[in-house]
Amino acid sequence: QVQLVESGGGLVQPGGSLRLSCVVSGSMFSIYVMGWYRQAPGKQRELVARIGSGGRTNYADSMLGRFTISRDNAKNTVYLQMNSLKPEDTAVYYCNAETYLWGQGTQVTVSS
């Protein structure tokens, strides 16, 4: 069974940065479309960014220019670099593979 394990969340001040990581088990990582989603309290889960097997990326509009998704197929890992964080970025961030595989989530809190 494929497992996705996120790490890198935490508490950061507004304007700060965090890098999330998601390690995916198994041998199929390189062909997966990988994504990061987030869910704030009382809100629906929303797409943050997605990266295809060939490295093509797309982002939610509010993350453009601040967040960068990348992948390292040799390490079975997808990353989310988050810069210029705002309080409204506070959420649980989830790693996703092929739209139906999910990690357990990692909390990101942006607060002074």
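- Looking only at side-chain heavy atoms (C-beta outward), Ser53 and Ser30 stay at 4.5 Å or farther from each other.
- Taking CZ from Phe29 and CG from Leu4, the interatomic distance works out to 8.5 Å, rounded to the nearest 0.5 Å.
- The environment of CD in Gln3 is sparse: at most 12 heavy-atom neighbours from other residues, nucleotides or ligands sit within 6.0 Å.
- Between Arg38 and Glu46 there is a side-chain heavy-atom pair separated by less than 4.5 Å.
- Closest of all the heavy-atom pairs between Ser21 and Trp36 is O-CH2, 3.7 Å.
- Two residues are said to be in side-chain contact when any heavy atoms from C-beta on lie closer than 4.5 Å; Thr90 and Val108 fail this criterion.
- Cluster membership check: Val110 shares its hydrophobic cluster with Val48, using side-chain heavy-atom separations under 4.5 Å among Ile, Leu, Val, Met, Phe, Trp and Tyr.
- Under a 3.5 Å cut-off, the side chain of Asn96 and the backbone N or O of Leu101 do form a donor-acceptor pair.
- Judged purely by atom type and a 3.5 angstrom limit, Asn76 uses its side chain to pair as donor or acceptor with the backbone of Gly26.
- Taking the six-membered ring wherever Trp is involved, the centroid distance between the rings of Tyr37 and Trp102 falls below 6.0 Å.
- Distance alone, capped at 3.5 Å, places no donor-acceptor pair between the Tyr93 side chain and the Leu80 backbone.
- Contacts of Val33 classified as side-chain contact (heavy atoms from CB on, under 4.5 Å), with partners at least two apart in sequence or in another chain: Arg50, Glu98.
- Here Lys86 contributes atom NZ and Ser84 contributes atom OG; the two are 8.0 Å apart, rounded to the nearest 0.5 Å.
- Closest approach of Leu47 and Met63 over heavy atoms only: O-CE, 4.2 Å.
- Judged by distance alone, the side chains of Asn73 and Arg71 do bring a donor and an acceptor atom under 3.5 Å apart.
- Considering all non-hydrogen atoms of both residues, Tyr59 and Ile69 come closest at OH-N, 2.9 Å.
- Here the closest non-hydrogen pair linking Arg66 and Asp89 is NH1-OD2, 2.8 Å.
- Judged purely by atom type and a 3.5 angstrom limit, Thr106 uses its side chain to pair as donor or acceptor with the backbone of Gly9.
- Under the 4.5 Å side-chain heavy-atom criterion for Ile, Leu, Val, Met, Phe, Trp and Tyr, Met34 and Tyr100 are members of the same hydrophobic cluster.
- In the hydrophobic clustering (ILVMFWY side chains linked at under 4.5 Å, chained through shared members), Tyr79 stands by itself.
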Would you sort out whether Ser70 and Gln81 count as a side chain to side chain contact (heavy atoms under 4.5 Å, CB included), showing the intermediate values? CA-CA 8 Å; Ser70 61; Gln81 178 67 44; over 6 Å; no

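- Both Met82 and Val12 are assigned to one and the same hydrophobic cluster, defined by single-linkage of ILVMFWY side chains at heavy-atom distances under 4.5 Å.
- By the neighbour-count criterion of 12 heavy atoms within 6.0 Å, atom CD of Glu88 is densely surrounded, having more than that number from other residues, nucleotides or ligands.
- Nearest heavy-atom pair, Gln107 versus Ala91, reported as atom, atom and distance to 0.1 Å: NE2-O, 3.4 Å.
- Thr77 and Asp72 are not linked by any side-chain donor-acceptor pair at a separation below 3.5 angstrom, with hydrogens and angles left out of the test.
- Follow the hydrophobic side-chain contacts under 4.5 Å out from Val23 and you never reach Leu20; the two are in separate clusters.
- When the side-chain contact (heavy atoms from CB on, under 4.5 Å) test is applied to Ile31, the partners found at least two apart in sequence or on another chain are Met28.
- Taking all atoms of both residues into account, the shortest heavy-atom contact from Pro14 to Ser112 is CD-N, 3.7 Å.
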Starting from the C-alpha separation in whole Å, work towards a yes-or-no answer on side chain to side chain contact (heavy atoms under 4.5 Å, CB included) for Val2 and Tyr32. CA-CA 11 Å; Val2 177; Tyr32 288 157; 3.5 Å; yes

